[in-house]
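What follows is a short report on a single structure.
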Amino acid sequence: MSRPLIKVYVPLDSAARALGADDVADAILREAEARDLSIELIRTGTRGMIWLEPLVEVDRGKGRIAYGPVTPDSVPAIFDGSADPLGPVEAIPFFARQTRLTFARCGVIDPLSLPDYETHGGLIGLRRALTMTPEAMVEEVKTSGLRGRGGAGFPTGIKWDTVRLTEADRKYIVCNADEGDSGTFADRMIMEGDPFCLIEGMIIAGLATGATRGFVYIRSEYPDAIAIMDRAIRIARETGLLGLDILGSGQTFEMEIRIGAGAYVCGEETSLLNSLEGKRGVVRAKPPLPALKGVFGKPTVVNNVISLATVPVIFEKGAAHYADFGLGRSRGTMPIQIAGNVAHGGLFETAFGMPLGDLVNDIGGGTASDRPVKAVQVGGPLGAYFAPHQFDTPFGYEDFDAEGGLIGHAGIVVFDDSADMLSMARFAMEFCAVESCGKCTPCRIGAVRGVETIDRIAAGDRSAPALLTDLCDTMRDGSLCALGGFTPYPVMSALRLFPDDFGLTTEAAE
Amino acid sequence: MRQTEGKPQAEGIHDIIRSLQHLEGPLLPILHAIQTAYDHIPEAALPLIGDALNLTRAEVHGVISFYHDFRTTPAGRHVVRLCRAEACQAVGANGVAASVLGTLGIDWHGTTGDGRITVEPVYCLGLCACGPAAMVNGKVIGRTDAARIGRELEGLT
Ligand SMILES: Cc1cc2nc3c(=O)[nH]c(=O)nc-3n(C[C@H](O)[C@H](O)[C@H](O)COP(=O)(O)O)c2cc1C
Ligand code: SF4
Ligand code: FES
């Protein structure tokens, strides 16, 4: 008599692996063998609750039950039935409170199974797109209200339309997977957990704009994402999803991966294009816009991973469904990444509009160290620090702008009261100096001066804060791109919000 | 990955260039492949790449020097990359780095005298919800501390 097959799901996401998921997977296989049980072990992406990783789900025929964090030592208890389950993932509050549109499949399916992908809604969007005119496809994206998730928040449909309307013998879709911002990992998570979703989004972008070739520029710091994307692209080619006859439609799209080389500035779109062409990743002046004259001089859509990976669900469920979520001109959902010193770190996809404090305290559970939250940095190394008195700011592009910040790629980094904000400001300047492409003086030289000036503040020089303010003004006004232009955000917000850390009384800093 | 092992270096580099030259924008893929094969970009590669891609040696050098990943001298036998970025700093990355570097007696980018270990800074590994993050010979490690890095390196010659 054969018992029902037990399915065990273990993440292969690199955060889960960094916390021991591979050892857990090995222990599960060993334990099953020792007990003479036949199990099917399926490696998935992560569900995004990183504090529970390695999170293992077991389906004994009555649905998936989660356990976590699991160690090799706690594996036998799971088999015995004596381990404390977390219940179904969907019932865990952190997960239950989300609206998963872009990340609906992440952590659920085997990332490299195209049949799994299709069973869970994959390719419905592409099949629909194939029945539409390019103009109607672009209109769909415009109606969805989707804005670039890479940081600048530019309306995706308008960008696509420019490329669509530009005549050329060849056009390109370039996916920006350089994800260099500290506190962000959404791009990595989707590439490792649902790579076909990005491929489908890029194909739709190609159909809508008349582009037939695509590049995914992935940072070298993401070897797992590179490997999984590479295999997914191969599978897509072999099954006719990519190539000269997409799903038998007679339409063409081919794509390949390119690997970055450790330069943060190559996330800036024109620097990225230079890098793709095999040049130094120096930022280009705009105009010309990449949409008109992009990679190899051809019209090019440059979009972030999440922008592109959100396209399939927009076509699957309809633009109106997507646009129904959100706040003001921030439509749809955002995968918010909660990181740093936080009890419940991970990826939380939700409609725009949730107050920052709810994300940090209710969802994130406050600090991991159990000390008070001192500051959070939102939007990566170029994003401003926020203090708890600003925690009612709703998570949206305009709302953060109004508070002198930005949402960027939606990373939130939490710091407890042991953080020294002077040293964080110094780090921001140091990072800018290390990563500057060197094209403009305010950034290249200014950042070095910035480090020196902050050191003078630390040494008690009373004239240095005014100098720092001037320097930040010069960088903001005189830099070609946001690396030099926005580094003043974290620096000045730290100075303004935490004058004590700079040896200043509140009055002196105003 | 070292399919070039055993061949004279120039020949191996030639093979790599030939196999990738057809790509659109082949320079970065070629540099990555050479570094994978030889652990650095040997000086001898510059003229070979230049000839193949119609670039001057200075242009090739300019590209190599722009990117943090490319090295022109070999690293130690084992490479430890420690994340220095904000989210990891929020959970003590600076202390971990100070301790690792202190124990090994080197600074960032430094290699131990016996050529065994190189420590490189990295600005985010996408493991920001489980920092401090590190990579030892390509293996990712979350919530790390100096002792854990020490254990990873134990027994590696
Ligand atoms: C210094 C710098 C770094 C950037 N890094 C990234 C990045 O890693 N990923 C990304 O998608 N956009 C990044 N951007 C924004 C891109 O320039 C560009 O706006 C984006 O790729 C456009 O795609 P989207 O409209 O889909 O957001 C960066 C910008 C700057 C100035
Ligand atoms: S601001 Fe800095 S990174 Fe940006 S273009 Fe100028 S020098 Fe380059
Ligand atoms: S900040 Fe260290 S892994 Fe992202």
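Chain letters run A, B, ... following the sequence lines, proteins first, then strands; residues in each count from 1.
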* Asked: Is the backbone N or O of A:Gly281 less than 3.5 Å from a side-chain atom of B:Tyr67, with the two atoms forming a donor-acceptor pair by type?
  -> yes

* Verify salt bridge (Lys or Arg N to Asp or Glu O under 4.0 Å) between B:Glu24 and A:Arg170, making sure each step is shown before the conclusion. => CA-CA 13 Å; B:Glu24 288 178 288; A:Arg170 192 174 250 204; 2.9 Å; yes

* Structure fact -> Among B:Ile64, B:Leu23, B:Val140, the residue with the most heavy-atom pairs under 4.5 Å to chain A is B:Val140

* Region of A:Asp224 that comes under 4.5 Å of a non-hydrogen atom in chain B -> neither

* **Atom group of A:Ala419 that falls short of 4.5 Å from chain B, counting heavy atoms** => neither

* To do: Output the residues of residues 425-438 of chain A for which the shortest heavy-atom distance to chain B is under 4.5 Å, in residue-number order; output 'none' if no such residue exists.
  => A:Phe427, A:Glu430, A:Phe431, A:Val434, A:Glu435, A:Cys437

* To do: Could you tell me which non-hydrogen atom of A:Ala263 sits nearest to which non-hydrogen atom of B:His68, and how far apart they are?
  => CA-CD2, 4.2 Å

* To do: For A:Gly183 and B:Cys124, work out which heavy atoms get closest and say how close.
  => N-SG, 4.4 Å

* Structure fact -> Under 4.5 Å to a heavy atom of chain B? For A:Glu277 that would be backbone

* With rounding to the nearest 0.5 Å, note down the distance linking CZ in A:Arg188 to CG in B:Leu127. => 5.5 Å

* To do: Using non-hydrogen atoms and a 4.5 Å limit, figure out which bit of B:Val122 sits close to chain A: side chain, backbone, both or neither.
  => side chain

* Exam field: side chain A:Ser182 to backbone B:Ala87, donor-acceptor pair closer than 3.5 Å -> yes

* Given the options A:Pro223, A:Ser220, A:Ser275, which has more heavy-atom pairs under 4.5 Å with chain B than any of the others? -> A:Ser275

* **Over 12 foreign heavy atoms within 6.0 Å of NE2, B:His40** => yes

* Looking at CG of B:Asn94 and CG of A:Asp420, how far apart are the two atoms once the value is rounded to the nearest 0.5 Å? -> 10.5 Å

* Does B:His78 NE2 have over 12 foreign heavy atoms under 6.0 Å away? -> yes

* Got more than 12 heavy atoms from elsewhere within 6.0 Å of CG, B:Asn54? -> no

* What are the two closest heavy atoms between A:Glu221 and B:Met135, and how far apart are they? -> O-CE, 3.9 Å

* Between A:Arg280 (side chain) and B:Gly62 (backbone), is there a donor-acceptor pair under 3.5 Å? -> yes

* **Interchain contact, A:Phe296 with chain B, by part (heavy-atom threshold 4.5 Å)** => side chain

* Asked: Ignoring hydrogens and geometry, is there a side-chain-to-backbone donor-acceptor pair from A:Arg258 to B:Leu28 under 3.5 Å?
  -> no

* **Shortest non-hydrogen contact between A:Phe185 and B:Gly126, atoms and distance** => CB-O, 3.3 Å

* Quick one: what part of A:Ile259 sits under 4.5 Å from any heavy atom of chain B, side chain, backbone, both or neither? -> both

* To do: Determine the minimum heavy-atom distance between B:Arg143 and A:Leu19, stating which atoms define it.
  => NH1-CD2, 3.5 Å

* Hey, which of A:Ala261, A:Ala339, A:Gly346, A:Ser369 has the most heavy atom pairs under 4.5 Å with chain B? -> A:Ala261

* Minimal non-hydrogen separation, B:Ala90 against A:Val413, with atom names -> CB-CG1, 4.4 Å

* Could you tell me which portion of A:Leu347 (side chain, backbone, both or neither) has an atom closer than 4.5 angstrom to a non-hydrogen atom of chain B? => neither

* To do: Supply the atom-to-atom distance A:Gln337 CD to B:Cys128 SG, rounded to the nearest 0.5 angstrom.
  => 8.0 Å

* Structure fact -> Answer key: most heavy-atom pairs under 4.5 Å with chain B among A:Ser14, A:Gly345, A:Gly262, A:Gly411 is A:Gly262

* Structure fact -> Counting heavy-atom pairs under 4.5 angstrom with chain A, the leader among B:Val91, B:Leu125, B:Thr144, B:Leu27 is B:Leu125

* Based on non-hydrogen pairs under 4.5 Å, which of A:Arg17, A:Glu179, A:Lys279 is most in contact with chain B? -> A:Lys279

